[in-house]
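Quantities reported herein were computed from a predicted structural model and do not represent experimental measurements.
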Amino acid sequence: NQVGIIGVPFDKGQRKGGVELAPDTLKQAGLINELTTLGLDVKDYGNVEYEVSDVSVDNMSQLGHVSGCTKKLSETAQRVFEDGRNVLTIGGDHSIAKKNVAILWIDAHADLNTNKTSESGNVHGMPVALLTSELADYWPYLPGMDWQQPMLSIRNVAYIGLRSVDKYERLVIEKFGITAFGMEDVERYGIHDVIHMALRRIDPDNNKSLHVSFDIDSLDPLEAPSTGTPVRGGLSLREGIHAMEELHRTQRLNAMDLVEVNPTIGDKKDVDLTISAAFHIIQAGFGYTRRGLKLPEGITD
Ligand code: DIR
Ligand code: MN
Ligand code: MN
Ligand code: MN
């Protein structure tokens, strides 16, 4: 199993500095080693660098940064896939998400605003609306974003962990019948069933390439406090790990983003807690199992 890591030190999708430090902070804390010990062949593709343009659109903060960065990220991810590797993208904030085939969006928030519905103007609250073809008509022309044609259907997106949804986001979820399992559903059915119900909806024939966009704020702030928009009452780390283990078992999890870790929020204990939560989530997605790893081929006792 081969993995390519892309760092996206990006903080312009929201207003708090610090989230851009996460790729280097996670690497310095030993991310690559954590993956290598799983027996993976890991290649570091470095951090995305991009050019800023001076485009602007009403109520879409820092579009010149967002468009430059997401274009570069998309090209880099393409290169990683062409090298035959699965992609692990480390944000940065959640404005960096890419298109793929079927997406599990694990987040406290729906990230479904357009510039017309957003109360913040922050682009990290908009990526799902930017990625999906059904929402394309609700956007004005976005200069600098021409490179990305939204080809993903909203029918191929499932939310898990929602608990802070804006009014217009709710309207859009209901209008399009978007697959959305909020925290109430996690309580009612349990995380295992929620994952499988979500997969049955977005990937009924079990043949799609799966992409997880994991916003660390899907976890409860007691488990992952160092993030810009924490919402209490979230997933436990155990539920997050279980979700990722279940997705790994499909053998079709080809891309994962881990976003919104902000190492400048909270004290050292908060940051360490958040980083270790991120590591557990990433490792589970790439095959760590709590039953213990298998012995390498050929060794029997
Ligand atoms: C809010 C918050 N819905 C917005 N979104 C966040 O700004 O659009 N997304 N925090 O992660
Ligand atoms: Mn998000
Ligand atoms: Mn979020
Ligand atoms: Mn299970």
**OP:** Please test L253 against N86 for side-chain contact (heavy atoms from CB on, under 4.5 Å), starting from the C-alpha separation and ending with a verdict.
**Re:** CA-CA 8 Å; L253 181 55; N86 291 330; over 6 Å; no
Side chain to side chain, [X] and [Y], heavy atoms closer than 4.5 Å:
X    : Y    : result
L219 : F214 : yes
K72  : E49  : no
I154 : V172 : no
D215 : W105 : no
D58  : K116 : no
L35  : I5   : yes
L142 : M60  : yes
V8   : C69  : yes

Separation of [Y] [atom2] from [X] [atom1] (nearest 0.5 Å):
X    : Y    : atom1 : atom2 : value
Q251 : N206 : CD    : CG    : 12.0 Å
I281 : M256 : CD1   : CE    : 6.5 Å
L131 : M151 : CG    : CE    : 11.0 Å
H248 : N1   : NE2   : CG    : 7.0 Å
T76  : I6   : OG1   : CD1   : 5.5 Å
I103 : T179 : CD1   : OG1   : 13.0 Å

Original post:
Could E82 and R79 be called an ion pair, given the rule that one side-chain N must be under 4.0 Å from one carboxylate O?
Top reply: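 Between R79 and E82 there is no salt bridge, as every charged N stays at least 4.0 Å from the carboxylate O atoms.
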Compare every heavy atom of [Y] with every heavy atom of [X], then report the nearest pair and how far apart it is.
X    : Y    : value
P143 : S56  : CG-O, 4.4 Å
L26  : F279 : O-CZ, 3.3 Å
P150 : S133 : O-CB, 3.4 Å
S118 : M126 : CB-CE, 3.7 Å
D11  : G17  : OD2-CA, 3.7 Å
L162 : A180 : CD1-CB, 4.0 Å

Can you confirm whether [X] is buried at [atom1], in the sense that more than 12 heavy atoms of other residues, nucleotides or ligands lie under 6.0 Å from that atom?
X    : atom1 : value
E184 : CD    : no
E75  : CD    : yes
N207 : CG    : yes
R291 : CZ    : no
Y168 : OH    : no
R15  : CZ    : yes
D267 : CG    : yes
R155 : CZ    : no

Assigning hydrophobic clusters by single linkage (Ile, Leu, Val, Met, Phe, Trp, Tyr; side-chain heavy-atom cutoff under 4.5 Å), is [X] placed with [Y]?
X    : Y    : value
I106 : Y189 : yes
I265 : V271 : no
L38  : L31  : yes
L237 : V231 : no
V57  : Y50  : yes

Main-chain N/O of [Y] paired to [X] side chain as donor or acceptor, under 3.5 Å:
X    : Y    : result
R232 : P230 : no
Q283 : E34  : yes
D272 : K269 : no
R201 : A158 : no
R85  : V80  : no
D217 : T227 : no
E187 : D185 : no
Q148 : L130 : yes
S226 : V261 : no
D93  : K12  : yes

**OP:** Run the numbers on Q2 and D83 for side-chain contact (heavy atoms from CB on, under 4.5 Å), then give the verdict.
**Re:** CA-CA 9 Å; Q2 309 197 89; D83 290 348; over 6 Å; no
Original post:
Which class fits the ring pair H65 and F10: parallel under 30°, tilted 30 to 60°, perpendicular over 60°?
Top reply: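 H65 vs F10 ring planes: tilted.
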Subject >> D166 and H109 side chains, donor-acceptor separation under 3.5 Å >> reply: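 Looking only at side-chain atoms, D166 and H109 do not form any donor-acceptor pair under 3.5 Å.
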Original post:
With no hydrogens and no angle check, do the side chains of D257 and S213 hold a donor and an acceptor under 3.5 Å apart?
Top reply: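 Yes, a side-chain donor-acceptor pair sits under 3.5 Å.
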Subject >> From CA spacing to verdict: side-chain contact (heavy atoms from CB on, under 4.5 Å), D203, T250 >> reply: CA-CA 11 Å; D203 182 25; T250 64; over 6 Å; no
**OP:** Verify side-chain contact (heavy atoms from CB on, under 4.5 Å) between H124 and D111, making sure each step is shown before the conclusion.
**Re:** CA-CA 7 Å; H124 81 155; D111 296 357; 5.9 Å; no
